[in-house]
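Remarks on the structure that follows.
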Amino acid sequence: ARILIENINEKCFERCVPKPGSSLSSSEQTCLTQCMEKYMQAWNQVNATYIRRIQ
Amino acid sequence: ARILIENINEKCFERCVPKPGSSLSSSEQTCLTQCMEKYMQAWNQVNATYIRRIQ
Amino acid sequence: ARILIENINEKCFERCVPKPGSSLSSSEQTCLTQCMEKYMQAWNQVNATYIRRIQ
Amino acid sequence: EHRSRIQSQSHELTAICWKKCITSTIKSGQLDKNEQTCLSNCVDRFMDANLATIKHLRNMRQQ
Amino acid sequence: EHRSRIQSQSHELTAICWKKCITSTIKSGQLDKNEQTCLSNCVDRFMDANLATIKHLRNMRQQ
Amino acid sequence: EHRSRIQSQSHELTAICWKKCITSTIKSGQLDKNEQTCLSNCVDRFMDANLATIKHLRNMRQQ
């Protein structure tokens, strides 16, 4: 799970915090939460498709 | 050779399949073949130049 | 220090030498020197902020 | 070791297909239908491209 | 091993924040004030985002 | 180990120089003359930049 968390942080920080300010704004926080949920869904789906393919 | 194949797949998929559809189109397939050949030539040339340089 | 040097080379070459010619021009050399100094300062500052944060 | 290579391949594919398929501003924590289709196609086409490369290389060596 | 993970995290953060904060043409070997502020904020906000993710995942598991 | 570092450096250089030199749409399986020249120059200038960095760092330490 560590690699997944690292990737989520990297991709979502890149997307959601274009100009880092003195604190996370509420829209940045919302984006980070949604991005995390979306990334985990994407990972689940990629995983399932990939496993199906290599079987 | 495994790293070379992985790099070819990553770079050429990125270039040749911008929007993945329900199958590879013939122009995507042509692009993938040409890209692979080109990447191998590039690797050979970079390799030769690099070896010459460090000797 | 090896990773730092590798990162400096990669980032600064990417920035300062957009179209590699038959030798480094003097403006490319100036850019490379300034970029290296800037990258080291950035690394020092990131390091200090990060250490402060995890303590 | 086999298992860990599958896992690391899965993480790489997620990064590649995330970049290709999740391109618009994030406005919800759910993948929409287009994103889901794109992600599945992305994995399948990547595997197709992969197999084509390996096959092509094998042919080149036999010549 | 702890020390080496801190170092590699530091290198990654430098690469991430360099991309976000050093965006204009390089004309001097010194970081200017805006770049310095941006770099510090970048590290701090990255750590904030990190903690938020871990907390959110923990909550999801407990549900 | 020396050999494997040369190989991995070669792969990285290919990725860096591919990005800089193969920028137009792929229409043939052959490198054209400009691409060939660009690739050689890219490796040579990268090595020049590398040496300049190491030299500069050595000078800074001696001061």
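Residue numbers begin at 1 in each chain, while the letters A, B, ... track the order of the sequences.
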For chain F, the option from B/K38, B/K11, B/M40, B/M36 that forms the most heavy-atom pairs under 4.5 Å:
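Highest number of heavy-atom pairs under 4.5 Å: B/K38.
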
Among [options], single out the residue with the greatest number of heavy-atom pairs under 4.5 Å to chain B.
options: F/K19, F/M47, F/H11; answer: F/H11
options: F/C21, F/S28, F/C17, F/S8; answer: F/S28
options: F/D44, F/I26, F/L39; answer: F/D44
options: F/T25, F/I22, F/L13; answer: F/I22

Does any heavy atom of chain F fall under 4.5 Å from the side chain of [X], the backbone, both, or neither of them?
X: B/Q45; value: side chain
X: B/N7; value: side chain
X: B/I51; value: side chain

Would you say B/T33's side chain and B/Q29's backbone share a donor-acceptor pair under 3.5 angstrom?
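Yes, B/T33 side chain to B/Q29 backbone: donor-acceptor pair under 3.5 Å.
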
Check: B/R52 main-chain N/O paired with B/Q55 side-chain donor or acceptor under 3.5 Å:
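Not at all, since once roles are kept as given, no pair shorter than 3.5 Å links the two residues.
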
Does F/Q9 form a side chain to side chain contact (heavy atoms under 4.5 Å, CB included) with F/R5? I'd like the steps, not just the answer.
CA-CA 6 Å; F/Q9 178 77 327; F/R5 252 190 74 196; over 6 Å; no

Whether B/R53 and F/D48 form a salt bridge (side-chain N of Lys/Arg under 4.0 Å from carboxylate O of Asp/Glu) is what I want to check.
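Result for this pair is yes, salt bridge flagged.
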
Using a strict SG to SG cutoff of under 2.5 Å, would you count B/C31 and B/C16 as disulfide-linked?
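B/C31 pairs with B/C16 as a disulfide (SG atoms under 2.5 Å apart), so yes.
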
Side chain, backbone, both or neither of F/I16 within contact of chain B (heavy atoms, under 4.5 Å)
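No part of F/I16 comes within 4.5 Å of chain B.
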
So which heavy atom on B/Q41 is nearest to which on F/G29, and how close?
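Taking every non-hydrogen atom into account, NE2-O, 2.9 Å.
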
Chi angles and distances behind the side chain to side chain contact (heavy atoms under 4.5 Å, CB included) call for B/R15, F/W18:
CA-CA 12 Å; B/R15 282 285 184 108; F/W18 173 264; 3.9 Å; yes

